[in-house]
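Basis for what follows: all heavy atoms, side chains included, without hydrogens, waters or symmetry-related copies. As the structure is a computational prediction, the values presented were derived from the model and not from experiment.
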Amino acid sequence: MSATALSPRKRVQMALAHQEPDCIPIHDSPWAATITRWHGEGLPDFVPCDEYFGYHLRGFGADTSPMYPVRVIERTPEYIVETTNTGGIRRNHRDYSTTPELIDYGIKTREDWEAAKRRLQPSVTRVDWVSLKYGYDRARADDLFVTYSAVTGYDACQSYIRSDVLLPLLLTDPDWIRDMVETIADMVIEMARILIREGYQFDAAFLYNDMGYRKAPFFSPKVYRELIKPADKRMFDFFHSLGMPVILHSCGNVAPLIPDLLDAGLDCLQPLEVKAGMDLVTLKREYGKDLSFMGGIDVRAMADPDPSAIEREIATKIPVAMKGGGYIYHSDHSIPNNVSFAQYCRTLELVRRYGQY
């Protein structure tokens, strides 16, 4: 970093405030299997990926689940089957290269939820204090942008109830879903209070709530307004009261929900999944005065054997998105293991080239 260069933390702060720093901030989310591949292609074995590539954000959180016991049921050379902290059972590839297969779910009845709810009590025992202190102190020493991270809303409900059961419940038993969403919001807020009371300060909240699929959200804006928005507004207001802007991760196409998310107080939307129909340039034009964006760079272009594909992607989007601040680089989801180390290095080289102010 030169004497005049801004710190990662300052760049993100300025971007979220719709100011132009010296260059756009950079963050990303490679799969574990992708990092394993890169280690065989030139990524140093003993340098963390986020440090090597100069990512600007570092997130920390707490366990907001019912904390059901996690145990391994079966191991094979390719898969591992284990119980989850929400009472379900999942099967995952050993290299965690895909979304896990959820074999069973912990919540099948309202009574199951009430039993899980009784376990949702804020506590200092929900924090790995040793790991938190080590990671937090290093992030602060590197002047990174530090976030309090948590899964919320519909996305958290999906870890309890199978999706094809959960979606009808939004209409047939909205009081149950509202209770789940509000209870989860309580946990997110109260665990943040505990961390802050113990001396940990955060620059923003980074909340995760997948609400979209291809071309549309899972549910209508009306359902969002009635069942999820009140809890979102309560969380957003809480974090804003502490001077923390809110970044929301929501996969899929959530464009129809943006007006309500803005009304609830959202500051930044991530990751803008291209294959789901989210277009960074269009979103910047429509909402860029009020909302910051993080993401929107198509990972399919990164993996394209034609190197001009990713340059077109970056050259046509980043100069538009960065104007007036309000943009943080990220892929449009996460980096899969079909992207080589060389392809990703070129991607970030282009991001830095086109992302200079």
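- Phe53 and Tyr55 have parallel rings, their planes meeting at less than 30° on a 0 to 90° scale where 60° marks the start of perpendicular.
- Using modelled atom types, one side-chain atom of Asn253 and one backbone atom of Ala276 make a donor-acceptor pair closer than 3.5 Å.
- Relative orientation of the Trp113 and Tyr160 rings is perpendicular, given thresholds of 30° and 60° on the angle between their planes.
- Under a cutoff of 6.0 Å and an axis angle of 45°, Arg37 and Phe341 do not form a cation-pi pair.
- When side chains are defined from C-beta on, Leu283 does not count as touching Leu280, because their heavy atoms never get closer than 4.5 Å.
- A ring-centre distance under 6.0 Å is not found for Phe293 and Tyr287.
- Between Phe206 and Tyr208, the distance separating the two ring centers is shorter than 6.0 angstrom.
- For the pair Ile335 and Val299, the minimum side-chain heavy-atom distance is below 4.5 Å.
- Side-chain contact between Asp332 and Leu272: absent, with no pair of heavy atoms (C-beta onward) separated by less than 4.5 Å.
- Under 4.0 Å is where a charged nitrogen must lie from a carboxylate oxygen, and between Asp298 and Lys275 no such pair does.
- By the 4.5 Å heavy-atom criterion applied to side chains, Lys222 and Ser220 are counted as neighbours.
- Classified by interplanar angle (parallel below 30°, tilted 30° to 60°, perpendicular above 60°), the ring pair Phe239/Tyr148 is tilted.
- Residues Asp304 and Ile310 have side chains not in contact (no heavy-atom distance under 4.5 Å, counting atoms from C-beta outward).
- Salt bridge Arg90/Asp104: absent, no basic N to carboxylate O contact under 4.0 Å.
- Taking the side chain as every heavy atom from C-beta outward, Glu82 and Val70 approach each other to under 4.5 Å.
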- Query: Does the pair Asn209 and Ser250 meet the rule for a side-chain hydrogen bond (donor to acceptor under 3.5 Å, both in side chains), with working shown?
  - Reply: CA-CA 5 Å; Asn209 185 8; Ser250 197; 5.7 Å; no
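- You'll find the side chain of Asp142 stays beyond 4.5 Å of the side chain of Arg9, heavy atoms only.
- The pair Asp137-Lys133 counts as a salt bridge, with a side-chain nitrogen and a carboxylate oxygen less than 4.0 angstrom apart.
- No donor-acceptor distance shorter than 3.5 angstrom exists from the side chain of Lys229 to the backbone of Tyr224, with no hydrogens or angles considered.
- Without hydrogens or angle criteria, Gln270 side chain to Gly295 main chain gives no donor-acceptor distance under 3.5 Å.
- Using a distance-only test at 3.5 Å, with no hydrogens or angles considered, no donor-acceptor pair links the side chain of Asp203 to the main chain of Thr147.
- Using a 4.5 Å cut-off on side-chain heavy atoms (C-beta onward), Pro66 and Thr86 make contact.
- Using a cut-off of 4.0 Å between Lys/Arg side-chain N and Asp/Glu carboxylate O, Arg110 and Glu114 are scored as salt-bridged.
- Ion pairing between Glu311 and Arg346 holds under the 4.0 Å rule for side-chain N and carboxylate O.
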- Item | Steps toward salt bridge (Lys or Arg N to Asp or Glu O under 4.0 Å) verdict (Arg353, Glu349) | CA-CA 6 Å; Arg353 182 195 309 170; Glu349 176 189 335; 3.4 Å; yes
